[in-house]
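Throughout, a chain's letter reflects where its sequence line sits, starting with A, and its residues are numbered from 1. Worth knowing before you read on, the calculation uses all heavy atoms, side chains too, and leaves out hydrogens, waters and symmetry mates.
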Amino acid sequence: MAAEPTRPPSQETASLVKRLAGPSTGKAGLAKDQEDINRIIADVSKGSKFYENEKKKDKELTKKIEHILHLRDELTKRPGVDLPKIEASLRKLESERDLSQTIVHFDLDSFFASVEVLNDPTLAGKPFIVGGSVVSTASYEARKYGVRSGMASFIAKKLCPQLITISHGFSDYSEMSHKVMAICKRYDPSLCPAGCDEGYLNITAYCAEHDLSADECVEHLRSAVFAETKLTVSAGIAPNTMLAKICSDKNKPNGQFHLPFNSEAITSFMRDLPIRRVPGIGRVSERLLESIGIKTCGDIYTYRATISLMDKQFGLLHLLRTHLGIASNSVQPPQREERKSIGAERTFPPLADKQKILEKLDEVCVELESDMEETQWTGRTITLKYKLDSFEVFTRAKSHNRWISKKEDLFAVGQELLLPELPLSIRLIGLRVTKLKDLREPDPSIGIKRFFETTNSSSPNKKRKVSPSRQDELNGDPPIEDDTLPTLLPLFQSDGPQNTEPTSSRSVKPDSEAPRETHTCPVCEKEVTTENQTLNEHLDLCLNRNAIRQVQGEIKPVKLARAAPKQGDIWEQWMKKASGSKRT
DNA sequence: CTTTCAGGT
DNA sequence: TGGGACCTGAAAG
C-alpha cells in the first residue's frame, strides 16, 4: 500500500472534492490545509459506491446550475426588473425591523466529546471522536486533522491514524443535556431547544427584572452551566434567532458574542458574512447562489436584479431579509401540533434476500409503533423509504382512509409498498407516518367547532364540507372519526400564534333575545351577523379568498430549500436514544 | 389532493 | 470492516 497519495489521474471537479469532504466542512472555520485534506478524502473515497453516488449527485447539481444560468440569461434579455420596487421592499423591511427583543443562542462546545472527557479525563488533549461508523463529534485535537462530524470514521482514521474512537454514551448525554436545559430555562421559561446541545432564549424580561445587561446575563448563564456541569458553552446575543445563531459561532469555544443592536452594525455584519453561515443555507443552496455570483450576504444586494428575475428559484423576499439581518425574534417551545410526521429507519449491511429484508422492515415497524404509542400519534399515510447499496434513495407512499399505528398495520402497508420493488439490494429501510392525528388532544379544533356550533346550532345545513369521499368508506375499516374540516383547519392555524382564536365566538350565546348577534370572522376578522345563511356565505367567500391568495403565491414560493424551521420534537428523539442504547 | 424527492441539521 | 437518522416543504403528477 502506497502511503503517499499519488495524484495523477484525479479527475474530480473542484465541487466534487469539496462535496466529498462532507456537509459540515465549510460551516465552521476550515483548516488552512483544507485543500490537502479534501484531496486525501477524495483519494480514499475513490471507487466506492458512496463516491460514485456523490459524483452522480454532483453532476446533477452542475446540470441544474447550467439550467439556472441559461434561464438567467434568457430573462436578462428582456426588461422587467423593477429596481425601485426592490428598494421599496427593503425600506419596508427596514421600517419593520424589531430590535426590542434580546435573543440568545447557546451551544455546548463539542458536546459529546466534552462529556466523554469528563468521564475519562485522560482523553483531554487527545485526538478522538465520538461515533460509530460515522463521526458524531470530533475533539478539537482531531479537528486539526480535518476530522469533522458526519464524516465516515474510516476516513477520519486515514486523516489521523492515532485517532481514538469512543462509542456513544447517550444516557450520559441526555442527563447532561437535561441539566443544561434546566439551567438555561431559569433565564427564559419559554426556552426553545434546537437539539440536545443548543437552544434559543429570549432574555429580555430576565435582564429587565434583574437589572442586568445582556452580556452580564449570558456570562451568568455560562458560568452557571460550567459550575453545575463542567461543560463550556458558547453563546450569541442578537435581536433575532438567525443572528444569534450565527453569533454563537463567533467566539467558540467557551465564548460569547454580542452583536450591536442597531441597523448599521447589523447590515455591516451581514455584508461580509458568507452565505453558507446562514441557517438553512446548506452546501447545495450555497452552490446555487454562488453560481449567480452570491458568496456573501452583501452580494445579495449586488445581485438583487438577478434574484428578482428568478424570484421563483431563489425567493427574493427571504434573501432580502437575510441581507438586512432580519428574521424571527420569537422564541417558543416547540408546539406539539406543529409535528408533521413520525418515522423510523435503519441502516445495515446490504441485503438482497427477501426474508431478511422483511425482517428489517419488521424491526422498523416495532420501533415505530412504540414511538407512536409513546408520543400518542397516529396517522393515515405511510411512506416507505429504501436506499440501494448504490446509495440511491427511493420512497413509496400510500394514503389510507384509516388511522394506522399498530405494527401489524405498519408492516402490512410497508410490505405492500415494498414487495413490488423487489428484487433489490438495499442498505437502509424506513417507514414514516404523515397526515397525523394527535391522540392526546382528541379535538384540536374545539375552538372552531364551537364557532360553528354556536352559529349553526339550529341549522339544517349542517353537512356543509362533509368530505365527498366519505361515502365510499369501505369494508369495515374504522373510519376517520374526527371530521375536523380538513381543508379549513390549516387556514386557521396559519394565522399565527398571536391571533389565536375567535374569542368573540365563545361569549356569544345569550340564546334568547338579541336576534341579530354578530361574530368576528376568524379569517378576516370582520364582523358578521350570525344568521346561518349570511355567515356561511361569508365564510366560504373568505376562505376561498385565502386559498386563492396562497395559490397565487402571495405566500412565498421558494426553490431554495429552507431548513426545517422547527423540527417536530427533537426532545423526544433524544430521550429515545438515551433510553434505547447502552454503551457496549 | 397524493406521491416523490431534495435539502438541512 | 466501516459512509446516519431525523424532519420539512416544494415539485410534480
Side-chain angles (χ1 to χ4, degrees), chain A residues 20-24 27 41 44-45 48-54 57 60-61 64 107 131-136 148-158 165 168 194-198 245 276 278-288 312-313 315 334 338-350 364 367-368 371 380-385 387 389-400 417 427-436 467-469 486-487 547 551 553 555-574 576-577 580:
Chain A
L20 287 166
S24 67
K27 202 64 178 173
I41 296 171
V44 173
S45 306
S48 69
K49 299 204 159 151
F50 182 80
Y51 171 89
E52 294 301 325
N53 191 246
E54 291 297 296
K57 288 198 285 187
E60 280 163 9
L61 220 202
K64 183 171 173 184
D107 192 343
S133 55
V134 173
V135 177
S136 289
R148 291 288 181 277
S149 59
M151 181 179 275
S153 295
F154 78 93
I155 304 262
K157 267 276 175 25
K158 290 275 185 200
T165 301
H168 295 106
C196 63
D197 65 342
E198 61 180 291
K245 165 120 186 161
R276 182 70 164 84
V278 176
I281 308 264
R283 36 179 188 168
V284 173
S285 300
E286 179 188 32
R287 263 196 78 192
L288 291 173
K312 189 120 193 300
Q313 284 72 25
E338 290 173 32
R339 222 213 231 244
K340 300 280 181 9
S341 73
I342 180 168
E345 62 192 70
R346 168 154 315 194
T347 297
F348 38 80
V364 166
E367 187 180 333
L368 185 51
D371 284 359
R380 45 176 288 261
T381 123
I382 309 293
T383 303
L384 171 81
K385 168 181 172 184
K387 192 189 281 185
D389 56 6
S390 61
F391 290 91
E392 292 168 289
V393 176
F394 298 87
T395 58
R396 298 287 178 262
K398 185 153 175 56
S399 297
H400 290 266
L417 291 164
R427 60 169 9 261
L428 171 147
I429 195 157
L431 277 187
R432 174 157 300 278
V433 181
T434 50
K435 305 292 166 62
L436 295 181
S467 91
S469 63
T487 56
V551 171
I555 303 208
K556 63 198 169 188
V558 188
K559 189 126 177 219
L560 278 185
R562 292 257 213 306
K566 214 182 274 172
Q567 232 142 4
D569 195 343
I570 293 164
W571 209 230
E572 281 160 16
Q573 282 173 39
W574 281 96
K576 181 179 108 193
K577 276 196 185 172

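One atom, CG of A:L368, and another, P of C:dA5, lie 14 Å apart when rounded to the nearest Å. Here the P atom of nucleotide B:dA6 and the CZ atom of A:R432 are 16 Å apart, to the nearest Å. Atom pair A:R346:CZ and C:dC6:C1' shows a separation of 14 Å (rounding to whole Å applied). One interatomic measurement links the two molecules: CG of A:L431 to P of B:dT3, which rounds to 14 Å at whole-angstrom precision. Protein atom NZ of A:K385 is 11 Å distant from nucleotide atom C1' of B:dA6, rounded to whole Å. Rounded to an integer number of Å, the gap from A:K435 NZ to C:dC7 C1' is 16 Å. Going from atom CD of A:E345 over to atom C1' of C:dT8 covers 14 Å, rounded to whole Å. Here B:dC5 presents its C1' atom at 11 Å from NZ of A:K57, a figure rounded to the nearest Å.
Residue contacts for A:S45: at a heavy-atom cut-off of 4.0 Å it reaches a base atom on one of the strands shown. Within the 4.0 angstrom heavy-atom criterion, no nucleotide atom of any strand lies near A:K158. Looking at heavy-atom distances under 4.0 Å, A:T395 makes contact with a base.
Contact annotation: A:R283 does not reach the phosphate of B:dG7 (side-chain N/O to OP1 or OP2, under 4.0 Å). At the phosphate of C:dG9, OP1 or OP2 sits under 4.0 Å from a side-chain N or O atom of A:K340. Residue A:K157 places none of its side-chain N or O atoms closer than 4.0 Å to OP1 or OP2 of C:dG3. Here A:S285 reaches the OP1 or OP2 of B:dG8: one of its side-chain N or O atoms lies under 4.0 Å away. Listed pair A:S48 / C:dG3 fails the phosphate criterion, with no side-chain N or O lying under 4.0 Å from OP1 or OP2. For C:dG3, neither phosphate oxygen OP1 nor OP2 lies less than 4.0 angstrom from any side-chain nitrogen or oxygen of A:K387. Considering only side-chain N and O atoms, A:K64 lies nowhere under 4.0 angstrom from the phosphate OP1 or OP2 of B:dA6.
Going from atom NZ of A:K398 over to atom CG of A:L417 covers 8.0 Å, rounded to the nearest 0.5 Å. In this structure, A:L431 CG and A:T395 OG1 are separated by 12.0 Å, a value rounded to the nearest 0.5 Å.
The pair A:E54-A:K57 meets the salt-bridge criterion, since a charged nitrogen lies less than 4.0 angstrom from a carboxylate oxygen. Between A:K387 and A:E345 there is no salt bridge, since none of the side-chain N atoms of the basic residue sits less than 4.0 Å from a carboxylate O of the acidic one.
Nearest nucleotide to the A:K245 side chain, out of C:dG3, B:dT9, C:dA5: B:dT9. When the nucleotides C:dG2, B:dT2, B:dT4 are ranked by their closest atom to the side chain of A:R380, B:dT2 comes out on top. Among B:dT9, C:dT8, B:dT2, the nucleotide with an atom closest to any side-chain atom of A:R339 is C:dT8. With distances taken from any side-chain atom of A:K398 to the nucleotides B:dG7, B:dT4, B:dT3, the minimum falls on B:dT3. Checking C:dC7, C:dG3, B:dC5 against every side-chain atom of A:R396, the shortest atom distance belongs to B:dC5. Among the nucleotides B:dG8, C:dG3, B:dT2, the one closest to any side-chain atom of A:F154 is C:dG3. With C:dG3, B:dT3, C:dC7 as the candidates, the nucleotide lying closest to the side chain of A:S341 is C:dC7. Listed nucleotides: B:dG7, C:dG4, B:dT2. Nearest to the side chain of A:V284: B:dG7. Each of C:dG3, C:dC6, B:dT3 was ranked by its minimum atom distance to the side chain of A:S399; first place goes to B:dT3.
Using a distance-only test at 3.5 Å, with no hydrogens or angles considered, no donor-acceptor pair links the side chain of A:S136 to the main chain of A:G131. Judged by distance alone, with hydrogens and angles left aside, the side-chain atoms of A:R380 form a donor-acceptor pair with the main-chain N or O of A:H400 at under 3.5 Å. Remark: the backbone N or O of A:L428 is not paired with any side-chain donor or acceptor of A:T347 at under 3.5 angstrom.
The C1' atoms of B:dG7 and C:dG4 are separated by 15 Å, rounded to the nearest whole Å.
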